[in-house]
**Q** 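Please see the structure below; I have some questions.
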Amino acid sequence: MDTPNPNWFLKARLKTRQLLLLIALDEQRNIHRAAEELNMTQPAASKQLKDLEDMLGVELFDRLPRGMRPTIYGETMIRHARMALTSLSLAHEDIVALKAGLAGQVDVGIIMAPSMSLMPRAISRVKENAPLLRIGVQMETSNILLERLRRGSLDFMVGRILEEQPDTDLQYEELAEEPVCAVARVGHPLASAHGLDLQAIAGAAWILPPQGSVLRHRCEMMFRGAGLPPPINVVDTTALLLTTALLQHTDSLHVMPVEVARYYVSLNILSILPIELPCRMDAFGIITRRSHLLSPGATVMLDAIRVAAKEIY
């Protein structure tokens, strides 16, 4: 079996124009329209496509009576062509950012708990030295952020790598564990209770993450481990604004990361119940892609998060 040549494109003299042609053909599915889009003649576009196919030894498109359709080889080349052109575009942005004194854009994904203190502290530090850097922050669950990271819409993220989603391209750097606590409205009868235990709160009304979520599973197993049935009077939601509103208007209880709870306590919105829950989420950390070279701005943001994490955790 022949060993693949990692630099085949040098021998093939691959042109940026050919990458643009692949993308145009994927979008237009017609050689004439694709050529027009790139201000090329149809014969020139056909020759560039044939030269690439001859070098690869495969057909990249099926020629149909009314157009063209990518083969499985074509779909692979189109995907990599888009990635290559995106990388070149980002390279230009990096150069412009360096010339302008570190401007540009960095996009970071983060789960809820570290968004309350870690991210604000890191952003504040970055803005002191690079006020022109545009920072985009997306807060979601880890599974959603991981998909966005793989697609390239995030530079990096702070969250968890889920066991059911192994990926050798992902690199993980642990930052901290995430203990959770029970919270209720300010003035709730249980907020000043002595000797509070799981049995005293198992029968209460609860607002919990939906069935199937990691935190919901950990919470239910906490009660089962103590020989108690899980709460049955439950409102299922992940909407934090709705949760805090319901807590303030009812005697319901809720379980949330300690870091998030302390923020709401500081605003006198919620109270942390005097019970240490035998329940915690897995540790979270910085997740990057090995195949993705971070821009100067993203590197500055990543370093600021590391420094802030050492100060907080």
**Q** Other than V307, what residues sit in its cluster of Ile, Leu, Val, Met, Phe, Trp and Tyr side chains whose heavy atoms are under 4.5 Å apart, directly or through others?
**A** none
**Q** Grab the two heavy atoms, one from A34 and one from L21, that are nearest each other, plus how far apart they are.
**A** CB-CD1, 4.3 Å
**Q** How close do P209 and R216 get, counting heavy atoms only, and between which atoms?
**A** O-NH1, 2.7 Å
**Q** When you look at L170 and L146, which way does the side chain to side chain contact (heavy atoms under 4.5 Å, CB included) test go after all the steps?
**A** CA-CA 9 Å; L170 298 180; L146 283 168; 3.7 Å; yes
**Q** Indicate whether any N or O donor in one side chain lies under 3.5 Å from an N or O acceptor in the other, for R148 and Q138.
**A**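 A donor-acceptor contact under 3.5 Å links the two side chains.
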**Q** Take I269 and Y263, measure what side chain to side chain contact (heavy atoms under 4.5 Å, CB included) needs, and give me the verdict at the end.
**A** CA-CA 9 Å; I269 293 176; Y263 173 77; over 6 Å; no
**Q** Are the side chains of D282 and R218 in touch, meaning some heavy atoms are under 4.5 Å apart?
**A** yes
**Q** Considering only distance and modelled atom types, tabulate donor-acceptor pairs under 3.5 Å from the side chains of residues 72-83, sequence neighbours left out.
**A**
residue, atom, partner, partner atom, Å
T76, OG1, I72, O, 3.1
R82, NH2, D26, OD2, 3.1

**Q** Is there a side-chain contact between V183 and H188, using heavy atoms and a 4.5 Å cut-off?
**A**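 No, their side chains stay 4.5 Å or more apart.
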**Q** Using a strict threshold of under 4.0 Å (side-chain N to carboxylate O), is an ion pair present between D303 and R125?
**A**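 The answer is no: the pair does not qualify as a salt bridge.
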**Q** What distance separates M157 CE from L149 CG, expressed to the nearest 0.5 Å?
**A**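 Here the rounded value is 6.5 Å.
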**Q** The criterion is ring-ring contact (aromatic ring centres under 6.0 Å, His included); which residues satisfy it with F156, sequence neighbours excluded?
**A** none
**Q** So, using salt bridge (Lys or Arg N to Asp or Glu O under 4.0 Å) as the criterion, who are the partners of K47 when residues are at least two apart?
**A**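 Applying salt bridge (Lys or Arg N to Asp or Glu O under 4.0 Å) to K47 gives D51.
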**Q** Looking at I31 and S46, what are the two nearest heavy atoms and their distance?
**A** CG1-OG, 3.8 Å
**Q** Is there side-chain contact between N143 and E147, with at least one heavy-atom pair below 4.5 Å?
**A** no
**Q** Would a hydrophobic clustering, with Ile, Leu, Val, Met, Phe, Trp and Tyr connected at side-chain separations under 4.5 Å, put I232 with L246?
**A** no
**Q** Once rounded to the nearest 0.5 Å, what's the spacing between atom CE of M68 and atom CG of L49?
**A** 5.0 Å
**Q** Between Q171 (side chain only) and T288 (backbone N and O only), is there a donor and an acceptor less than 3.5 Å apart?
**A**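 Side chain of Q171 to backbone of T288: no pair is present.
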**Q** Identify the two heavy atoms, one from L60 and one from L56, that lie closest to each other, and give their separation to 0.1 Å.
**A** CD2-CD1, 4.0 Å
**Q** Mind checking the CZ-SG spacing from R280 to C181? Nearest 0.5 Å is all I need.
**A** 11.5 Å
**Q** Using modelled atom types and a 3.5 Å cut-off, is there a donor and acceptor pairing between side-chain atoms of S142 and backbone atoms of G159?
**A** no
**Q** On a heavy-atom basis, which atom in M119 and which in V108 lie closest, and how many Å separate them?
**A** CE-CG1, 3.7 Å
**Q** Main chain of D155, side chain of D107: is a donor-acceptor contact present, judged purely on distance under 3.5 Å?
**A** no
**Q** Do any pairs count as a salt bridge (charged side-chain N to carboxylate O under 4.0 Å, His left out) and have a residue in residues 108-122, sequence neighbours left out, and if so which ones?
**A** R121-E311
**Q** Can you list the other members of the hydrophobic cluster that holds V214, where links are side-chain heavy atoms under 4.5 angstrom apart?
**A** V180, L190, L196, L198, I201, W206, L208, L215, M222, F223, L228, V234, L253, V255, L273, I275, L277, M281
**Q** Can you name the nearest heavy-atom pair linking L19 to A84, along with the distance?
**A** CD1-CB, 4.2 Å
**Q** Considering only heavy atoms from C-beta outward, does the side chain of Q211 approach that of E220 to under 4.5 Å?
**A**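 Yes, at least one pair of side-chain atoms sits under 4.5 Å.
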**Q** Counting N and O atoms only, with roles assigned by atom type, does the side chain of H254 sit under 3.5 Å from a partner on the main chain of I207, one being a donor and the other an acceptor?
**A**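 Such a contact is found between H254 side chain and I207 backbone.
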**Q** Might you work through the side chain to side chain contact (heavy atoms under 4.5 Å, CB included) test for T141 and T238, ending with a clear yes or no?
**A** CA-CA 10 Å; T141 57; T238 57; over 6 Å; no
**Q** Check ring-ring contact (aromatic ring centres under 6.0 Å, His included) between Y313 and all other residues, then give those that pass, not counting sequence neighbours.
**A** F284
**Q** Is there a continuous path of hydrophobic side-chain contacts, each under 4.5 Å between heavy atoms, that joins I312 to M256?
**A**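 Linked within one cluster.
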**Q** Do other residues, nucleotides or ligands put more than 12 heavy atoms under 6.0 Å from the CD atom of Q42?
**A** yes
**Q** Any side-chain heavy atom of V126 within less than 4.5 Å of one from I135?
**A**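 A side-chain contact under 4.5 Å exists here.
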**Q** Give the intermediate values and the outcome of side chain to side chain contact (heavy atoms under 4.5 Å, CB included) for residues M301 and I123.
**A** CA-CA 7 Å; M301 188 71 223; I123 290 176; 3.8 Å; yes
**Q** Apart from I144 itself, what residues make up its hydrophobic cluster when side-chain heavy atoms of I, L, V, M, F, W and Y under 4.5 Å apart count as a link, directly or indirectly?
**A** none
**Q** Please tell me if the side chains of R17 and M40 come closer than 4.5 Å, counting only heavy atoms from C-beta onward.
**A** yes
**Q** Only pairs at least two apart or in different chains count here, so list each salt bridge (charged side-chain N to carboxylate O under 4.0 Å, His left out) that has a residue in residues 180-189.
**A** R185-D251
**Q** Mind checking salt bridge (Lys or Arg N to Asp or Glu O under 4.0 Å) for R66 and listing every partner two or more places apart, or none if nothing turns up?
**A** none
**Q** Do D169 and H292 have side chains that get closer than 4.5 Å, going by heavy atoms?
**A** no
**Q** Each residue besides V258 in its hydrophobic cluster should be listed here, by chain and number; the cluster joins Ile, Leu, Val, Met, Phe, Trp and Tyr at side-chain heavy-atom distances under 4.5 Å.
**A** none
**Q** Surrounding CG of L241 (heavy atoms of other residues, nucleotides or ligands, distance under 6.0 Å), is the total greater than 12?
**A** no
**Q** Partners of E53 by salt bridge (Lys or Arg N to Asp or Glu O under 4.0 Å), sequence neighbours excluded?
**A** R63
**Q** Could you tell me the separation between the CZ atom of F61 and the NZ atom of K50, rounded to the nearest 0.5 Å?
**A** 16.0 Å
**Q** Count I, L, V, M, F, W, Y as connected when their side-chain heavy atoms are under 4.5 Å apart, and connections chain through other members. Are Y264 and V186 then in the same cluster?
**A** no
**Q** Taking C-beta and beyond as the side chain, do K310 and R306 meet within less than 4.5 Å on heavy atoms?
**A** no
**Q** Are the side chain of R69 and the backbone of L64 linked by a donor-acceptor contact shorter than 3.5 Å?
**A** no
